[in-house]
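One structure below.
In what follows, every heavy atom counts, from backbone to side chain, and hydrogens, waters and symmetry copies are set aside. Counting starts at 1 for both ligands and their atoms, following the listed order.
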Amino acid sequence: MPTEFEPIIGLEIHAQLLTRTKIFCGCSTKFGAPPNTHGCPVCLGLPGALPVLNRSAVELGIRAAIALDCHIELESVFARKNYFYPDLPKGYQISQYELPLATGGHLSLPESGTDVGITRIHLEEDAGKSLHEGFPDSDLKSHVDFNRSGVPLIEVVTEPDMRSPTDAKVFFATLREILVSLAVNDGNMEEGSLRCDANVSVRPVGQSALGIKSEVKNLNSFRFLERAIEYEINRQIDVLKNGEQITQETRLWDASADRTLMMRSKEEAHDYRYFPEPDLPLLRITEDWVNEVRRSLPELPSARRVRLMADYGLTSKQVEQLTRVRPSLATYFEEVVEAGAPPKVAINWSLGELTRKLNEEQTDQVKVIRQRMPPVALAKLIRLVDRGTISGTIAKEVFEKMYITGESAEVIVEQDGLAQIDSVEMLAGTVNEVLKQHHDAVAQYQSGKSGAIGFLVGQVMKATRGKANPKLVNELLRKAIDR
Ligand code: ADP
Ligand code: ZN
Ligand code: MG
């Protein structure tokens, strides 16, 4: 019987902390500045410069650790990780090694419910960025930009608890959502503020010992993460089926070739000659501080999803659409309901017109919409429909006008004479006119094609510029024809 293999995956995620300044100096962390304009003796590694720890970086690390159910270590230690690379000016990275900020957390994945253990979260500084392309002399030289050197990061290390590329993708997406919702990280993978390395091994089904793993670097999108893991699993299974051994190595994802490439054989911890950072004291965190951070945490995305379903009777799909891409849309929705709109209607507007507007404005920033269309104003518009003052179709028109002019729904309806026409007297003339002009449709209806009535209703709606009450129009048409 051919051997079946089972994949095992553990992730290491680097997330840039949303501080204003770097982790050990006062230089700006702002992305996109001209190369080498955010530097000082500390982050450029000049001799004699001393690091001073940024308190906000620690606080953001604590936030993440609490959200991931970790044990916060009240004493942790910074360590030097020594290696040589041109983008590492000190010749070592300040990180945490034996005693990290937090340990032993977990995150359960939506849908599958897989519980992924969090081994540790530690604080560290980022390196600079080597630029190998895009210069006239790129074939001869590499360039380096130190703006990123010393930017604060947390590294989140998971247990090898994931069993499929999808598990890994869902974990990364869920972690990203949490970090973004806590304002710990901006979630921007393209700019490199959130990066993921995947450790992958396979083992024969039924074997309890883990197989030898490879580590794939450079995975800066959900798709690449999934594809790279898929590729690694198949590559390793092929190697084993050929009777060969997996070698522990670091590999690189090559997106253009859709495959992973060997980068180097795996370095061991002792290669880095870790030792405690002599220029920084023990990092001490008080229980009080942890409790204070805990109290200040906003509702986590998973808890919020459960509450939105329970409080407003939304389906899981609606909640998904409301929270996944733009969590602030859910806040907006809740405020519309708070201002008096029925949830069932408010959700349709949120996922319909508002989402359309956001796409039109090409933004995920609900605040852009909020300025022109405060939740209270939309709630008033919804109430006009609810009361039958205007039709649903007209409401969309009013919405557009409100958005452009900033006027209230009532004022626009009044000024433009958009109130629904639902008196028999006011509609009778138009109904007769339409019947006269469309003998064909009338005949069709009479010969049993009941669908023809829809066409006639449409004609009346058109003639009244959408203001007629369609239900009443339908009634009047049937009565007139049947007479
Ligand atoms: P290293 O010695 O390479 O630093 P660690 O044991 O510290 O390895 O684990 C690093 C990451 O690799 C963690 O996310 C862990 O879950 C994952 N990992 C460890 N062993 C395996 C394995 N055999 N297969 C898949 N992932 C693994
Ligand atoms: Zn600096
Ligand atoms: Mg390790």
Side-chain angles (χ1 to χ4, degrees), residues 5-14 19-30 33 36-46 49-54 57 68 81 89-90 94-98 100 103-107 114-122 125-128 145-152 155-165 167-168 171-172 175 196-204 207-217 219 225 228-229 232-233 236-237 240 245-251 263-272 274:
F5 289 95
E6 169 189 47
I8 308 280
I9 301 146
L11 300 179
E12 292 167 286
I13 287 145
H14 288 91
T19 57
R20 207 171 43 77
T21 56
K22 294 186 179 180
I23 185 165
F24 299 123
C25 64
C27 292
S28 167
T29 55
K30 212 171 160 63
N36 298 310
T37 52
H38 295 161
C40 74
V42 173
C43 58
L44 293 174
L46 303 190
L50 288 174
V52 177
L53 180 59
N54 179 340
L68 295 173
K81 180 179 181 180
K90 294 195 294 290
I94 303 180
S95 180
Q96 294 188 304
Y97 183 57
E98 273 171 353
T103 54
H106 62 91
L107 178 61
T114 307
D115 190 62
V116 178
I118 307 292
T119 315
R120 54 188 277 147
I121 299 179
H122 65 251
E125 59 177 342
D126 208 346
D145 175 6
F146 288 114
N147 285 351
R148 219 175 63 180
S149 169
V151 158
E155 178 173 342
V156 178
V157 182
T158 79
E159 291 293 308
D161 286 344
M162 285 154 278
R163 293 290 176 269
S164 70
D167 270 358
F171 177 88
F172 190 32
L175 177 64
C196 184
D197 302 338
N199 298 272
V200 182
S201 67
V202 300
R203 67 179 172 195
Q207 176 185 308
S208 61
L210 296 180
I212 294 171
K213 71 178 165 78
S214 59
E215 181 175 352
V216 192
K217 301 255 180 202
L219 299 170
L225 175 65
I229 293 172
E232 257 323 276
I233 293 170
Q236 293 184 13
I237 292 177
L240 293 175
Q245 302 269 317
I246 305 287
T247 47
Q248 175 149 329
E249 58 194 29
T250 304
R251 300 179 68 90
M263 188 162 115
R264 54 174 185 251
S265 70
K266 169 72 188 175
E267 64 287 340
E268 302 285 341
H270 62 247
D271 294 334
Y272 291 119
Y274 278 102

- Message: Show, in sequence, the C-alpha distance, side-chain angles and deciding distance for Glu232 and Ser214, and conclude whether the side-chain hydrogen bond (donor to acceptor under 3.5 Å, both in side chains) test is met.
- Response: CA-CA 8 Å; Glu232 257 323 276; Ser214 59; 2.6 Å; yes
Suppose I only count heavy atoms of [X] and a 4.0 Å limit; which atoms of ligand 1 are within that range?
X: Pro160; answer: 16 (O), 26 (N), 27 (C)
X: Glu159; answer: 16 (O)
X: Leu11; answer: 14 (O)
X: Gly10; answer: 14 (O), 16 (O), 26 (N)
X: Val157; answer: 13 (C), 14 (O)

- Query: Are Lys217 and Glu12 close enough for a salt bridge, meaning some N to O gap below 4.0 Å?
  - Reply: no
- Would you call Glu6 and Arg163 a salt bridge, using N to O less than 4.0 angstrom? yes
- Message: Return the CE to CZ distance between Met263 and Arg251, rounded to the nearest 0.5 Å.
- Response: 11.5 Å
Under 3.5 Å between some N or O of ligand 1 and some N or O of [X]?
X: Glu215; value: no
X: Asn199; value: yes
X: Leu210; value: no

- Heavy-atom side-chain contact between Thr29 and Thr19 under 4.5 Å: yes
- Message: For Asp161, is there any backbone N or O sitting under 3.5 Å from a side-chain donor or acceptor partner on Glu159?
- Response: no
- Item | Rounded to 10 degrees, the angle SG of Cys43 makes with SG of Cys40 at the Zn ion (ligand 2) | 120°
- Item | Cys27 atom SG and Cys25 atom SG as seen from the Zn ion (ligand 2), angle to 10 degrees | 110°
- Item | Option of least heavy-atom distance to atom 27 (C) of ligand 1 (set: Arg120, Arg203, Lys213, Glu12) | Lys213
- Quick one: do the Asn54 and Thr21 side chains pair a donor with an acceptor below 3.5 Å? yes
- Message: Using a 6.0 Å distance limit plus a 45 degree cone around the ring axis, check whether Lys81 lies over the aromatic ring of Tyr272.
- Response: yes
